[in-house]
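I have placed the structure first, in the form of structure tokens, so that the comments after it can refer back to it.
Below, read A as the first sequence line, B as the second, and so on, with proteins coming before strands; counting in each chain starts at 1. Note that this is a predicted model, so its numbers are computed, not measured.
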Number of protein chains: 2
Amino acid sequence: MQKGERTRQAILEQATNLASVVGLDGLSIGNLATHTGLSKSGLFGHFGSKENLQVETLKAASSLFKDRVVVPALAVERGVPRLNELFERWLSWDTNTGLEGGCIFITASAELDDKPGQARDFLVLRWREWNEVIRRIAEGAVERGHFRSDLDCTQFAYDLNNIFFGFQHAARLLGNEDAYKRVRASFERLVRDSKR
Amino acid sequence: MQKGERTRQAILEQATNLASVVGLDGLSIGNLATHTGLSKSGLFGHFGSKENLQVETLKAASSLFKDRVVVPALAVERGVPRLNELFERWLSWDTNTGLEGGCIFITASAELDDKPGQARDFLVLRWREWNEVIRRIAEGAVERGHFRSDLDCTQFAYDLNNIFFGFQHAARLLGNEDAYKRVRASFERLVRDSKR
DNA sequence: GACAAAAACGAACGTTCGTGCTTTTATAGG
DNA sequence: CCTATAAAAGCACGAACGTTCGTTTTTGTC
């Protein structure tokens with residue numbers, strides 16, 4: 001790997017972390033320059049535009065998420081164990097990767113919903129893929145006989161996302177100390193309902 | 001009511017709507033000046049600072065929410081009917097009040113979680129109050145015998161908030177056409193679980 | 001209508017924004 | 001070490017930001 005690529009990766013690592021705290025809007029070129037110690041122009045050399053920086057930041061975060069959450073979960077046996085692994089990895093992926101602001105995708109979702117452009121498009125694609133991952137895992141649980149055969153797996157994915165969104169809010173804005181207890185109770189209820 | 005107060009109310013109405021779309025960050029003095037047709041200085045005359053504008057905007061939205069969601073729901077008979085009313089009113093409060101960007105509190109929550117200050121503090125208070133409203137309604141349903149007597153009403157409130165957060169995301173970012181169907185299925189499951 | 005107070009404007013300010021372009025510095029390969 | 005290329009800096013720009021302050025316009029009361 002050459003210097004440019006190494007620098008670029010280092011920048012994206014910091015950009016991802018910063019964006020998880022201050023959002024993509026707060027990820028200004030100037031703010032990032034301060035954090036990386038590079039000049040603004042130097043950053044532009046790597047990314048060309050703020051929009052592209054945002055897109056690349058989301059891409060970097062997606063890779064991280066895939067490596068730390070999705071792929072390891074898919075290595076677990078199908079059915080409820082896989083789902084449990086996915087859930088636990090989702091819960092801890094931010095802290096395990098050093099993201100100080102929680103799940104960057106949730107933060108970005110609120111920001112980008114009224115901002116058409118490449119970043120929004122990319123994010124929407126990722127959410128759809130993520131929904132598909134959950135849906136397939138739920139289907140696997142049905143096939144293994146863990147979940148009832150008439151489960152609406154799309155609804156399951158929808159409900160699991162509810163849980164993630166609510167958790168971020170409870171943990172981040174409200175600083176609920178019992179947010180982990182609550183989110184687990186929500187998840188267990190969803191799993192229980194999927195069995196009956 | 002004097003001219004100043006009438007103007008102020010008109011500004012807050014527009015600020016609330018704008019903030020529901022672009023968030024409190026996007027509610028810049030310049031942006032609001034453009035929307036209201038006032039000068040920036042004129043707006044400062046009313047609010048004194050951007051932070052105060054944000055706080056007053058949240059207050060105006062809270063009043064609206066109370067008038068349109070909470071108070072009418074509390075007028076319905078206790079128990080599940082009241083809960084149903086609260087849910088339906090939550091679902092429609094943005095469109096019924098002309099807020100084009102969905103629930104301003106959810107938008108603000110993502111923005112303010114890393115921004116200490118008066119606006120954040122106000123928002124946190126409001127969420128806690130809202131949680132209390134839900135918790136009490138759930139307790140009423142327990143007392144009326146609609147819900148089982150060992151229901152954890154705090155968890156109920158937590159779960160209902162999950163539903164609201166997930167819905168905003170599905171409707172706004174993902175533009176899911178079936179978001180209303182999904183959110184209702186989520187709610188019905190929560191109610192069903194609370195009965196058993 | 002007079003007049004004081006309120007409402008609103010306009011100009012200015014320093015800061016930050018995203019971006020472009022030239023110059024300087026660092027890297028990589030022979 | 002040399003040299004071409006890549007990486008980065010520095011400077012500049014116009015626009016937007018939040019805010020201040022003096023001036024103008026409007027309002028409300030007598």
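If you look at Trp90(A) and Phe187(A), their ring centroids are not closer than 6.0 Å. Ring-centre distance between Phe164(B) and Trp127(B): not below the 6.0 Å cut-off.
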Could you encode protein contacts along nucleotides 7-18 of chain D as a string, one character per nucleotide from 5' to 3', using B for base contact, S for sugar-phosphate-only contact and - for no contact, with a heavy-atom cut-off of under 4.0 Å? SSBBB-----BB
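Between Glu132(B) and Arg135(B), at least one side-chain nitrogen of the basic residue sits less than 4.0 Å from a carboxylate oxygen of the acidic one, meeting the salt-bridge criterion. Using a cut-off of 4.0 Å between Lys/Arg side-chain N and Asp/Glu carboxylate O, Arg89(B) and Glu85(B) are scored as salt-bridged.
Rounded to whole Å, atom P of dG18(C) lies 10 Å from atom CG of Leu32(A). Residue Arg6(B) contributes atom CZ, which lies 16 Å from atom P of dA6(C) at whole-angstrom precision.
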Under the side-chain hydrogen bond (donor to acceptor under 3.5 Å, both in side chains) rule, what do Glu13(A) and Gln9(A) come out as? Steps first, then yes or no, please. CA-CA 6 Å; Glu13(A) 196 173 311; Gln9(A) 298 286 18; over 6 Å; no
